[in-house]
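Here's the structure, in structure tokens; my notes come after.
Numbered from 1 within each chain, the chains take letters A, B, ... in sequence-line order.
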Amino acid sequence: KIVLTRESLMNMKEDLISSEKISVDLETTGIDPFNCSIVGISFSNQPSKAWYIPVGHKYLNAPMQLSTDEIAPVLRSILENPDIKVCGHNIKFDFHILKKLGIKIKNIWFDTMVASYCLNPSRKSHSLKNLSIEYLNKSMATIETLIGKGKNQITMADVDINSAGKYSCQDADFTLQLACLFEPILVEKKIDKLFFDVEMPLIEVLADMEETGIKLDIEYLEKLSDEFKKEIESTESEIYQLAGENFNINSPKQLSYILFEKLKLPVIRKTKTGRSTDEDVLNVISQQHPLPSKLIRYRELQKLKSTYIDSLLNLVDRNTSRIHTSFNQTVTATGRLSSTEPNLQNIPIRTPEGKKIRRAFISEENCVLVSADYSQIDLRVLAHVSADEALKDAFFHNKDIHTSTACEIFGITPEKVTPELRRIAKTINFGIIYGMSSYGLAQELNIDQKQAQEYIDNYFKKYSGVRKWIDEILSFARKNGYVKTLLNRIRYLPEINSNNGQVRSFAERIAINTPIQGTSADIIKVAMINIYKKLNEEKLKTKMLLQVHDDLLFEVPEPEIEKVKKIIKKEMETAVNLSVPVLVDIKTGHNWRDME
DNA sequence: GCGATCACGTA
DNA sequence: TACGTACGTGATCGCT
């Protein structure tokens, strides 16, 4: 039903207000919630029935529509009613748009996209169209049939109200049907707690983080861009000089010709289609020619400038100087979040040049940035799930875990652990989590495979609980075809019994890694929800800004610093109860580079 | 305009 | 034979 008049709006309100569950779906002029406007909104409260309120159709001779101001009070009476359970498909998007209109959905009950993700995080697509085909056996028209695609694409505002209404109503209808279908499946598979107590509450937290954004020092970034540009250009000239000709340095193909044919440098490794020119290779051949070192420097600066400096400047809001990422909750197979446009989960930190990028992320006036990161969360999770005595003991005595591992595998006292031995132990510790082979370890440490195998054997001799756990998780995976995290997040491993050794080995590494990486993801999600709740309850102005897998970043008004630091630390350390201590390091600073 | 490929940034 | 998990982005290049 299309709602064009106040009378019809009141009929709709009367119908919806007494519903237990409704679905909502918005049509907008784009997919970026901060850069689009509302075109219409649809609701459904029973199968095969939905309402569409057009408010922003703008085509020639479009009928008179209700305004957003006129419908806002009605929307509020429905969506802010705590007794009406609201569902949606990717409801974080709708939440953002409605919030801009001054409407805050009170009872976000169910997101079908997130539910699909919980049922099977490895699915290629969690789109409503796909889910409808698979679960409802109904195919849906795509949005392209309405707005087209490519350079002639129009927006929903240009689309005929009846066509848009039909499309939107179907979305709302199928969303509610799917939600009602999914709920008992989640219960039956015992992932209802993960869904209702973790993933659903997390939606509003993520929406708030996205809306807040983080402040950038634009002037500084622009200067940095210039500085990098100059050095890129001079390095470029040097490279052409050394190569004896101009070519496209960014093309691995053209670069290969220069390195391996013209300069006759040795081929170290091949890729699927040619000869590898990655950094490891360049490092090896840099012994024989001055060009590779220049290339490494060129690549570093080029990467930083294009991927970070320039794209951040493109995406920053020039009015507020803040940049708003999008946190995706339904992408990774392990339960981690991902971040896009821009990806703020891979801002450089390792090299001095890279760190210059972090310096551009700053706190608002009279605020500081507080970063809180879990110390060795993956290894603590390993200690917990494996119950390995030696590993647990190290954490109970708050030892440096890599030094402690070095002591065990090399049979020496802590004083005898050199930085080199610690580095080896560290590589092994991470290798264990990733299911690394002796070959991989040998590669990484630049040692022979026999030596690597000895290290690994030694590790398992000392950490027999870890060995036992790996055996158990693999046999569980083989028997059941899936693995699970602490909070029952599931990941199917259809290839765990494959006859293809390579395929099977890959599944085995996943079987080892996912319960660890996924449990860490579970833990930080719970912490985020609890911190968000606490900050609201205490009416604090502090804002959670970013999550980087084991790290949370906040913007904190100066008067709140001490109180908030305590809250963050406590909530993160006690989010779940592991059989080993969980520790969080807190740092503060006025930019993301200089934190202490 | 799209998708594959390479390379490289993070945890 | 391949050979350590999980991601996203930019540039190139060949295809449609």
Side-chain angles (χ1 to χ4, degrees), chain A residues 121-122 149-153 247-256 269-282 295-296 298-312 314-315 325-328 331-351 353-355 357-358 373-374 376-379 382 427-445 449 452 456 483 491 500-518 520-521 524 546-552:
Chain A
S122 305
K149 56 176 183 168
K151 64 178 165 65
N152 292 322
Q153 192 172 63
F247 65 102
N248 189 338
I249 307 170
N250 295 324
S251 162
K253 202 179 161 194
Q254 293 182 37
L255 181 59
S256 286
R269 199 155 37 79
K270 290 188 169 177
T271 66
K272 249 181 277 180
T273 57
R275 297 154 293 194
S276 172
T277 68
D278 72 15
E279 192 176 340
D280 283 348
V281 169
L282 295 180
L295 285 167
I296 291 172
Y298 172 88
R299 284 221 181 117
E300 180 185 18
L301 296 171
Q302 176 69 29
K303 171 85 178 174
L304 293 174
K305 183 171 184 294
S306 65
T307 309
Y308 299 103
I309 304 178
D310 294 345
S311 72
L312 291 177
N314 265 329
L315 291 166
T325 185
S326 167
F327 285 109
N328 201 316
V331 168
T332 73
T334 56
R336 278 187 174 181
L337 299 175
S338 82
S339 157
T340 52
E341 273 184 300
N343 180 358
L344 294 185
Q345 290 182 322
N346 72 344
I347 300 301
I349 191 169
R350 283 168 197 174
T351 69
E353 301 290 8
K355 281 184 182 169
I357 311 280
R358 285 211 170 203
D373 74 299
Y374 280 110
Q376 304 296 352
I377 188 68
D378 283 353
L379 288 168
L382 176 62
T427 304
I428 294 171
N429 273 332
F430 284 107
I432 296 297
I433 291 171
Y434 301 148
M436 192 190 239
S437 64
S438 60
Y439 179 92
L441 185 64
Q443 283 273 300
E444 184 69 31
L445 290 175
Q449 200 175 333
I456 292 174
V483 289
R491 180 174 184 182
N500 180 326
Q502 193 188 334
V503 169
R504 189 177 61 244
S505 296
F506 188 47
E508 287 171 355
R509 292 194 294 274
I510 295 173
I512 295 165
N513 177 259
T514 296
I516 301 170
Q517 190 185 121
S520 299
I524 197 166
L546 299 177
Q547 188 249 46
V548 190
H549 310 308
D550 62 1
D551 204 353
L552 294 176

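Relative to the side chain of A:Arg336, the nucleotides B:dA7, B:dC6, B:dA11 differ in distance, and B:dA11 lies closest. Candidate nucleotides C:dA11, C:dT12, C:dG8 were compared by shortest atom distance to the side chain of A:Gln302, and C:dA11 ranks first. Between B:dC6, B:dA11, B:dA7, one nucleotide has an atom nearer to the side chain of A:Asp278 than all others, and that is B:dA7. The A:Thr273 side chain lies nearest to B:dC6 when the options are C:dC7, B:dC6, C:dT5. Of the candidate nucleotides C:dA11, C:dT9, B:dG9, C:dT9 has the atom lying nearest to any side-chain atom of A:Thr307. Here the nucleotide nearest the side chain of A:Tyr308, chosen from B:dG9, C:dG8, B:dA11, is B:dG9.
The phosphate of B:dT10 (OP1 or OP2) has a side-chain N or O of A:Arg350 nearer than 4.0 angstrom. Considering only side-chain N and O atoms, A:Thr271 lies under 4.0 angstrom from the phosphate OP1 or OP2 of B:dC6. Residue A:Ser338 places at least one side-chain N or O closer than 4.0 Å to OP1 or OP2 of C:dG8. Applying the 4.0 Å criterion to OP1 and OP2 of C:dC7, one finds that A:Ser339 has every side-chain N and O outside that range.
Remark: C1' of C:dT9 and NZ of A:Lys305 are 15 Å apart, rounded to the nearest angstrom. Straight-line distance from the OH atom of A:Tyr434 to the C1' atom of C:dC3: 16 Å, rounded to whole Å. Atom-to-atom, CD of A:Gln547 to P of C:dA6 comes out at 17 Å; the value is rounded to the nearest Å. For A:Lys149 and C:dT16, the NZ to P distance is 16 Å, given to the nearest whole Å. In this structure, A:Asn250 atom CG and C:dT9 atom P are separated by 19 Å, rounded to whole Å. Following rounding to the nearest Å, A:Ile296 (CD1) and B:dC8 (C1') show an atom-to-atom distance of 13 Å. Atom CD of A:Glu508 and atom C1' of C:dA2 are 14 Å apart (whole Å). Distance A:Arg299 CZ to B:dC6 P: 12 Å, rounded to the nearest Å.
Residue contacts for A:Gln502: at a heavy-atom cut-off of 4.0 Å it reaches the sugar-phosphate backbone alone, with no base atom in range. Within 4.0 Å of A:Thr514, counting heavy atoms only, lies no atom of the nucleic acid at all. Counting any heavy atom pair closer than 4.0 Å across all strands shown, A:Ser505 reaches no nucleic acid atom. Counting non-hydrogen atoms under 4.0 angstrom, A:Phe430 reaches a base of the nucleic acid. Using a 4.0 Å heavy-atom distance criterion, A:Gly440 is classed as a sugar-phosphate-only contact. At a threshold of 4.0 angstrom between heavy atoms, the contacts of A:Ile349 are confined to the sugar-phosphate backbone, with no base atom among them. Among the protein residues, A:Asp551 comes within range of no part of the nucleic acid, since none of its heavy atoms lies under 4.0 Å from any strand. Among the atoms of the strands shown, only primed sugar atoms or phosphate atoms (P, OP1, OP2) are found under 4.0 Å from some heavy atom of A:Gln254. Using a 4.0 Å heavy-atom criterion, one finds that A:Gln443 contacts no nucleic acid atom at all. Counting non-hydrogen atoms under 4.0 angstrom, A:Ile347 reaches the backbone sugars and phosphates but no base. Using a 4.0 Å heavy-atom criterion, one finds that A:Ser438 contacts no nucleic acid atom at all. When heavy atoms are screened at a 4.0 angstrom cut-off, A:Ser276 is found touching the sugar-phosphate backbone but no base atom. Contact annotation for A:Ile510: backbone-only contact, meaning every heavy-atom pair under 4.0 Å involves sugar-phosphate atoms and none involves a base. Residue contacts for A:Lys253: at a heavy-atom cut-off of 4.0 Å it reaches the sugar-phosphate backbone alone, with no base atom in range.
Put simply, the side chain of A:Gln345 gets close to the backbone of A:Gln547: a donor and an acceptor are under 3.5 Å apart. Side chain of A:Arg509 to main chain of A:Met436: no donor-acceptor pair is present (N/O by atom type, distance under 3.5 Å, no hydrogens or angles). With A:Ser276 contributing its side chain and A:Lys270 its backbone, the two residues share no donor-acceptor pair below 3.5 Å.
Donor-acceptor pairing under 3.5 Å is lacking for the side chains of A:Gln443 and A:Gln449.
Residues A:Phe327 and A:Leu344 are not in side-chain contact: their nearest non-hydrogen atoms beyond the backbone lie 4.5 Å or more apart. Inter-residue side-chain proximity for A:Thr332 and A:Leu337 is flagged as unmet; no heavy-atom pair is nearer than 4.5 Å. Within the 4.5 Å cutoff, the side chain of A:Ile296 has heavy atoms near those of the A:Glu279 side chain.
When every heavy atom of A:Asp280 is checked against every heavy atom of A:Arg269, the shortest pair comes out as CB-NH2, 4.5 Å.
The same atom, C1', is picked in C:dC3 and in B:dA4; the two are 23 Å apart, to the nearest Å. Comparing B:dC6 with C:dA2, their P atoms are spaced 14 Å from each other, to the whole Å.
Figure legend. C:dC7 is base-paired to B:dG9; pairs are counted as Watson-Crick or G-U wobble with both atom distances under 3.5 Å.
A donor-acceptor contact under 3.5 Å is not formed by the side chain of A:Asn343 with the base of C:dG8.
A residue-by-residue look at A:Thr427 and A:Pro252 shows that A:Thr427 has its nearest nucleotide of DNA chain C further toward the 5' end.
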